[in-house]
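No experiment lies behind these values; they were computed from the predicted model shown.
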Amino acid sequence: MTRPGPANPADLDFCVDLAREAGQLTLEWYRGRDFSIDHKHDGSPVTAADLAVEALMRERLNTAYPNDSVLGEEHPDTAGASDRAWVIDPIDGTKAFMKGVPLFANLLALVDEHGPAVGVIHLPALGETVWAGRGLGAFHNGEPCRVNDHGGLDGAFVCTSGFGYWPEGALSSLLDSPVKLRTWGDAYGYALVATGRVEAMVDPEAFAWDLAPIAVVIAEAGGCFSAFDGRTGGDVWSSGSAVATNNRIHDDLVALFQ
């Protein structure tokens with residue numbers, strides 16, 4: 001199989017700039033604390049801020065890349081003539097956003113025939129941005145970033161977004177293991193892995209828009225990204241689950257869940 005070439009640096013620059021612009025709008029809503037809240041068919045919340053931020057991102061993408069498809073959490077998908085798609089999560093961590101907790105993120109990725117090519121995790125309330133492009137490396141606020149080299153589960157910090165969606169046996173195995181379990185979750189947890197501050201982040205259930213940028217960010221930071229069952233590959237970002245690690249503990253951690 002031919003190894004895919006590097007992403008276009010111009011696409012990555014655009015992705016970072018747009019995520020940061022989205023972050024500015026998100027902060028306006030966050031600081032104003034005046035937004036309506038509805039619930040989707042699955043019971044998850046959606047705010048007027050989610051809708052406004054995604055609308056902004058779609059407008060910018062449709063202008064700059066009219067031939068690309070756009071997929072997002074809050075608005076209907078739009079099909080393009082190219083084989084590329086931009087994937088948007090306007091506010092990842094909406095529940096944190098609603099409660100005034102600053103760990104929410106703006107997520108954006110470009111996916112081509114090989115999988116995610118560029119991706120950005122922008123944490124506007126924290127002033128942090130983590131981004132990566134295939135073959136271009138991973139960066140944290142402009143400086144190269146990398147996973148840590150902690151080996152073994154003993155003392156490894158493992159993050160997750162919550163416990164209610166975990167398979168009972170898998171959660172019990174994790175609790176019985178020597179890892180340090182924390183709920184520094186949603187996209188923030190993956191940013192922590194990519195920058196070497198924790199060893200792993202696990203989501204037994206997740207949507208494609210939650211994970212599209214994560215796949216390329218973790219890979220370019222030297223980590224390992226897989227589905228909950230350990231499966232890897234170009235389409236794993238749309239598998240519905242995720243395990244991201246510093247690579248050294250990946251196999252041992254995934255084995256706990258089987």
Side-chain angles (χ1 to χ4, degrees), residues 42-44 73 87 89 92-96 101 103-105 107 109 111 114-116 119 121 130 132 138 145-258:
D42 63 358
S44 60
E73 181 175 6
V87 184
D89 190 344
D92 180 78
T94 296
K95 293 177 182 177
V101 177
L103 304 184
F104 54 88
L107 301 182
V111 178
H114 303 293
I121 305 167
V130 180
C145 64
R146 193 158 183 86
V147 298
N148 67 39
D149 60 0
H150 179 95
L153 296 181
D154 191 8
F157 277 74
V158 177
C159 299
T160 188
S161 299
F163 302 113
Y165 63 127
W166 274 74
E168 183 176 349
L171 182 57
S172 296
S173 294
L174 190 64
L175 292 172
D176 289 339
S177 76
V179 306
K180 306 292 186 182
L181 188 59
R182 295 292 184 272
T183 51
W184 301 325
D186 300 312
Y188 180 59
Y190 296 105
L192 294 178
V193 176
T195 54
R197 288 176 279 182
V198 303
E199 285 67 51
M201 169 69 191
V202 182
D203 270 320
E205 294 179 7
F207 294 100
W209 48 76
D210 299 319
L211 303 177
I214 309 304
V216 64
V217 166
I218 295 298
E220 289 296 317
C224 185
F225 179 82
S226 78
F228 192 66
D229 61 6
R231 178 165 44 90
T232 60
D235 64 347
V236 71
W237 64 277
S238 58
S239 68
S241 64
V243 179
T245 73
N246 68 350
N247 217 337
R248 296 191 63 184
I249 71 166
H250 200 90
D251 290 345
D252 290 342
L253 184 62
V254 169
L256 291 177
F257 309 146
Q258 310 312 311

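Ring geometry for Trp166 against Phe257 counts as perpendicular: the plane angle is over 60°, on a 0 to 90° scale with 30° as the lower cut. Between Trp184 and Phe157, the ring-plane angle classifies as parallel under the 30° and 60° cut-offs.
Atom-to-atom distance recorded for Asp154:CG and Lys180:NZ is 7.5 Å, nearest 0.5 angstrom. In this structure, Arg197 CZ and Thr195 OG1 are separated by 3.5 Å, a value rounded to the nearest 0.5 Å. Separation of atoms CG (Asp186) and CG (Leu103) is listed at 8.0 Å; rounding is to 0.5 Å. For the atom pair CD1 of Ile218 and CG of Asn247, the computed distance is 10.5 Å after rounding to the nearest 0.5 Å. To the nearest 0.5 Å, atoms CG (Leu107) and CG (Leu211) are separated by 9.0 Å. Between the CD atom of Glu199 and the CG atom of Asn148 there is a distance of 4.0 Å, given to the nearest 0.5 Å.
Nearest heavy-atom pair, Ser173 versus Leu256, reported as atom, atom and distance to 0.1 Å: CB-O, 3.2 Å. In this structure, Val216 and Ala132 approach most closely via the heavy-atom pair O-CB, 3.8 Å. Scanning all heavy atoms of the two residues, the minimum distance from Pro204 to Thr160 falls at CD-OG1, 4.5 Å. Minimum heavy-atom separation, Ser241 to Ser239: O-OG, 3.1 Å. Shown here for Val243 and His250, the closest heavy-atom pair between the two residues is O-CE1, 3.4 Å. The heavy-atom pair separating Phe225 from Thr232 by the smallest distance is O-CG2, 3.7 Å.
Val147 is listed as a side-chain neighbour of Val193, based on a closest heavy-atom distance under 4.5 Å.
Contacts of Asp203 classified as side-chain hydrogen bond (donor to acceptor under 3.5 Å, both in side chains), with partners at least two apart in sequence or in another chain: Ser161, Tyr165, Tyr190.
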Checklist entry - Could you walk me through whether Leu181 and Phe163 pass the side chain to side chain contact (heavy atoms under 4.5 Å, CB included) check? => result CA-CA 11 Å; Leu181 188 59; Phe163 302 113; 3.4 Å; yes
Checklist entry - For Val111 and Trp237, what are the C-alpha separation, side-chain angles and deciding distance, and is it a side chain to side chain contact (heavy atoms under 4.5 Å, CB included)? => result CA-CA 10 Å; Val111 178; Trp237 64 277; 3.7 Å; yes
Checklist entry - Could you walk me through whether Asp229 and Val254 pass the side chain to side chain contact (heavy atoms under 4.5 Å, CB included) check? => result CA-CA 7 Å; Asp229 61 6; Val254 169; 6.0 Å; no
Item to check | Steps toward side chain to side chain contact (heavy atoms under 4.5 Å, CB included) verdict (His150, Asn246) | outcome: CA-CA 8 Å; His150 179 95; Asn246 68 350; 3.9 Å; yes
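In Gln258, the CD atom is crowded: over 12 heavy atoms of neighbouring residues, nucleotides or ligands sit closer than 6.0 Å.
With hydrogens and angles disregarded, no donor-acceptor distance shorter than 3.5 Å links the side chain of Asp252 to the backbone of Ile249.
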